[in-house]
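Report on the structure given below.
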Amino acid sequence: MKILDRNFYMRDTEVVARALLGKLLVHYIDDHMLSGLIVETEAYRADDDPASHACRGKITRNIPMFGPVGYSYVYFIYGNHFCFNIVAKAKNQPAGAVLIRALEPIKGIEVMQKHRNQTNLSNLTNGPGKLTQALNISKEQNALDLTTQGKLYVVDYDTKSHVIETSCRVGIRVGTEKKWRFYCKGNVNVSK
DNA sequence: CACCCGATTATCT
DNA sequence: GATAATCGGGTGT
């Protein structure tokens with residue numbers, strides 16, 4: 001299994017969002033490996049995307065979106081939850097990131113159940129706020145390089161093939177017409 | 001199952 | 001003062 005390199009993320013954001021489906025997100029907590037298959041993503045671009053945090057330029061929060069690809073972008077939302085993104089954009093783009101919206105739990109399931117206070121496997125990582133809670137990802141994991149062998153990275157994980165479905169992004173008020181949400185058809189961990 | 005709403009804080013108007 | 005890339009618990013059908 002190979003860690004995804006910088007070049008993987010250096011393509012149009014929506015292309016990377018699609019390509020991340022079926023890859024494995026890994027986070028080590030106290031020697032426990034927590035991992036999940038990425039089964040749902042959304043692309044957020046730069047000033048051409050009104051729904052993106054980057055659409056009105058650089059501010060303190062979104063600095064990672066304007067930085068090098070392959071880094072994490074974690075932000076706090078609704079006063080309750082963290083959302084985990086991976087910076088991805090073509091070379092000529094100023095900003096962009098892929099929101100990881102759902103995982104299929106693979107390793108460290110008991111630890112994830114503890115973090116979530118929830119035993120139902122299909123309710124562990126089936127949403128952007130749920131998966132960060134399950135993998136214990138918060139502000140401390142913001143702006144980390146995911147292309148090196150640290151505690152947080154993404155690896156190629158060639159298992160069963162999947163059919164990719166496309167739809168409009170959810171939970172936004174503007175830019176709703178762009179079909180930049182991607183998910184593995186039929187997977188029970190895809191958010192509703 | 002469907003809707004409705006409160007939590008709780010960074011950011012925007 | 002309002003809103004947000006969300007979630008879980010409540011009520012009603």
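Since we're looking at a predicted model, the values are computed, not measured. Note on naming: letters A, B, ... go to the chains in the order of the sequence lines (proteins, then strands), and numbering restarts at 1 for each one. What's counted below: heavy atoms across the whole structure, side chains too, no hydrogens, waters or symmetry copies.
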Return the nearest nucleotide to the side chain of [X]; candidates are [options].
{"X": "A:Tyr78", "options": "C:dC7, C:dA4, C:dG8", "answer": "C:dA4"}
{"X": "A:Asn80", "options": "C:dA4, C:dC7, B:dT8", "answer": "B:dT8"}
{"X": "A:Phe76", "options": "B:dA10, C:dG8, C:dA5", "answer": "B:dA10"}

Rounded distance in Å - [atom1] ([X]) to [atom2] ([N]):
{"X": "A:Gln133", "N": "C:dC7", "atom1": "CD", "atom2": "P", "result": "10 Å"}
{"X": "A:Lys192", "N": "C:dT6", "atom1": "NZ", "atom2": "P", "result": "12 Å"}
{"X": "A:Glu40", "N": "C:dT6", "atom1": "CD", "atom2": "C1'", "result": "13 Å"}
{"X": "A:Phe82", "N": "C:dA4", "atom1": "CZ", "atom2": "C1'", "result": "15 Å"}
{"X": "A:Glu14", "N": "C:dA5", "atom1": "CD", "atom2": "P", "result": "19 Å"}
{"X": "A:Glu42", "N": "C:dA5", "atom1": "CD", "atom2": "P", "result": "10 Å"}
{"X": "A:Leu131", "N": "C:dC7", "atom1": "CG", "atom2": "P", "result": "8 Å"}

I'd like to know if [X] pairs up with [Y] as an ion pair, taking the criterion as any Lys NZ or Arg NE/NH1/NH2 lying under 4.0 Å from an Asp or Glu carboxylate oxygen.
{"X": "A:Asp156", "Y": "A:Lys23", "answer": "yes"}
{"X": "A:Arg45", "Y": "A:Glu14", "answer": "yes"}
{"X": "A:Asp145", "Y": "A:Arg6", "answer": "yes"}

| task | Report yes if the distance between the aromatic ring centroids of A:Tyr73 and A:Tyr75 is under 6.0 Å, otherwise no. | result |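 Yes; A:Tyr75 has its ring centre under 6.0 Å from that of A:Tyr73.
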Using a 3.5 Å cut-off and no angle test, enumerate the donor-acceptor pairs between side-chain atoms of residues 183-191 of chain A and protein atoms at least two apart in sequence or in another chain.
unit_1   : atom_1 : unit_2   : atom_2 : d
A:Tyr183 : OH     : A:Glu165 : OE1    : 3.2
A:Asn187 : OD1    : A:Asn189 : N      : 2.8
A:Asn187 : OD1    : A:Asn189 : ND2    : 3.0
A:Asn187 : ND2    : A:Glu104 : OE1    : 2.8
A:Ser191 : OG     : A:Glu40  : OE1    : 3.0
A:Ser191 : OG     : A:Glu40  : OE2    : 2.9
A:Ser191 : OG     : A:Arg101 : NH2    : 3.3

| query | Can a donor-acceptor pair under 3.5 Å be found between the side-chain atoms of A:Tyr75 and the base atoms of B:dA10? | reply |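 Absent.
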| Nucleic acid contacts of residues 43-72 of chain A, taken as heavy-atom distances under 4.0 Å to DNA chain B |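 Heavy-atom cutoff 4.0 Å gives A:Arg56, A:Ile59, A:Arg61.
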Nearest heavy-atom pair of [X] and [Y]: which atoms, and what distance?
{"X": "A:His81", "Y": "A:Gly129", "result": "CB-CA, 4.2 Å"}
{"X": "A:Asn85", "Y": "A:Ala97", "result": "CB-CB, 4.0 Å"}
{"X": "A:Met112", "Y": "A:Lys107", "result": "CE-O, 3.1 Å"}

| query | Can A:Phe82 be reached from A:Tyr153 by stepping across I, L, V, M, F, W or Y side chains whose heavy atoms are under 4.5 Å apart? | reply |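 As far as the 4.5 Å side-chain criterion goes, A:Phe82 and A:Tyr153 are not connected within one cluster.
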| message | Using the P atom as the point on both nucleotides, what is the distance between C:dA2 and B:dC5, in whole Å? | response |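 Roughly 16 Å separates the two P atoms.
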| query | Distance between the C1' atoms of B:dA10 and C:dG8, in whole angstroms? | reply |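 B:dA10 and C:dG8 have their C1' atoms separated by 22 Å.
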Base, sugar-phosphate, or nothing for [X], non-hydrogen atoms under 4.0 angstrom?
{"X": "A:Gly79", "answer": "base"}
{"X": "A:Arg181", "answer": "nothing"}
{"X": "A:Leu99", "answer": "base"}

| query | Using a cut-off of less than 4.0 Å, is there contact between a side-chain N or O of A:Lys130 and OP1 or OP2 of C:dG8? | reply |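 For A:Lys130, the contact criterion (side-chain N or O under 4.0 Å from OP1 or OP2 of C:dG8) is met.
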| said: Here's a test of your reading of the structure: between A:Arg116 and A:Arg173, which maps to the more 5' nucleotide of DNA chain C? | reply: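 This one resolves to A:Arg173.
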| request: Dot-bracket notation for DNA chain C is requested: 5' to 3', Watson-Crick or G-U wobble pairs only, both distances under 3.5 Å, with ( ), [ ], | and . as defined. | output: ||||.|||||||.
| Would you find more than 12 non-hydrogen atoms of other residues, nucleotides or ligands less than 6.0 Å from A:Arg56 atom CZ? |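 No, CZ of A:Arg56 has 12 or fewer neighbouring heavy atoms, counting only those of other groups under 6.0 Å.
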